[in-house]
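One structure is given here, and the rest of the page talks about it.
Residue numbers start at 1 and run along the sequence shown. Given the structure is predicted, the values throughout are model-derived calculations rather than measurements.
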Amino acid sequence: MDRMFRVLAFWTGIFTALFYAAGNLGLSVAFLAQTIFFLGIGYLNLSERLYMYIFGAYLTVFMVGFTYYVTFLLEPSFSH
């Protein structure tokens with residue numbers, strides 16, 4: 001399971017580079033923080049149960065943040 005967190009760190013690192021190249025520094029920093037988090041967790045050699053708990057907590061925090069953003073911050077529009 002520790003390898004999967006390193007795989008997640010790799011992919012979030014790829015998205016960090018892509019967002020930085022596109023000039024979107026806010027998302028780039030957010031994905032850089034996730035990359036550092038996943039890489040740090042990936043090298044702790046925890047039990048598989050604890051890795052699953054951490055991943056479940058990560059998904060919960062993501063869904064709460066995403067729901068808050070979509071509900072209160074996103075301004076829907078159909079044109080540029």
Side-chain angles (χ1 to χ4, degrees):
M1 194 69 188
D2 55 344
R3 290 182 185 156
M4 288 312 299
F5 274 86
R6 285 181 273 196
V7 168
L8 285 170
F10 171 77
W11 284 110
T12 54
I14 294 294
F15 278 101
T16 300
L18 291 173
F19 283 129
Y20 182 75
N24 196 340
L25 291 179
L27 275 176
S28 178
V29 170
F31 272 85
L32 180 63
Q34 290 181 24
T35 301
I36 293 168
F37 170 74
F38 286 141
L39 201 58
I41 295 294
Y43 282 107
L44 286 180
N45 292 329
L46 303 171
S47 67
E48 188 156 344
R49 177 179 289 186
L50 191 54
Y51 277 122
M52 292 302 291
Y53 286 152
I54 291 171
F55 188 65
Y58 170 77
L59 289 180
T60 302
V61 169
F62 168 78
M63 285 306 297
V64 167
F66 181 75
T67 303
Y68 175 79
Y69 175 76
V70 169
T71 304
F72 298 112
L73 301 178
L74 183 66
E75 296 179 9
S77 65
F78 296 106
S79 64
H80 297 139

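- Contact annotation: the side chain of F5 approaches that of I54 to within less than 4.5 Å [non-hydrogen atoms, C-beta and beyond].
- Placement of L50 and M1 within a single hydrophobic cluster is found when ILVMFWY residues are connected by side-chain heavy-atom separations under 4.5 Å, directly or transitively.
- When all heavy atoms of S28 and T16 are compared, the pair lying nearest together is OG-O, 3.3 Å.
- Here M52 contributes atom CE and L46 contributes atom CG; the two are 13.5 Å apart, rounded to the nearest 0.5 Å.
- Counting non-hydrogen atoms of neighbouring residues, nucleotides and ligands closer than 6.0 angstrom, the CZ atom of F15 reaches no more than 12 such neighbours.
- By the neighbour-count criterion of 12 heavy atoms within 6.0 Å, atom CZ of F37 is densely surrounded, having more than that number from other residues, nucleotides or ligands.
- Residue V70 is not grouped with residue V64 when hydrophobic side chains (ILVMFWY) are merged at heavy-atom distances under 4.5 angstrom, including chains of intermediate members.
- With F38 as reference, Y58 is the one residue of F31, Y58, F10 to meet the ring-ring contact (aromatic ring centres under 6.0 Å, His included) rule.
- Atom CD of E48 sits about 12.0 Å away from atom OH of Y53, to the nearest 0.5 Å.
- Transitive grouping of hydrophobic side chains (ILVMFWY, heavy atoms separated by less than 4.5 Å) brings Y69 and M63 into a common cluster.
- Of all heavy-atom pairs between L8 and F55, the closest is CD1-CE1, 4.0 Å.
- Between D2 and N45, some side-chain heavy-atom pair lies under the 4.5 Å cut-off.
- The nearest pair of heavy atoms linking L39 to A9 is N-CB, 3.7 Å.
- Each of Y51 and I36 belongs to its own hydrophobic cluster when Ile, Leu, Val, Met, Phe, Trp and Tyr are linked at side-chain heavy-atom distances under 4.5 angstrom.
- F72 is connected to L74 through a chain of hydrophobic side-chain contacts under 4.5 Å among Ile, Leu, Val, Met, Phe, Trp and Tyr, so both are in one cluster.
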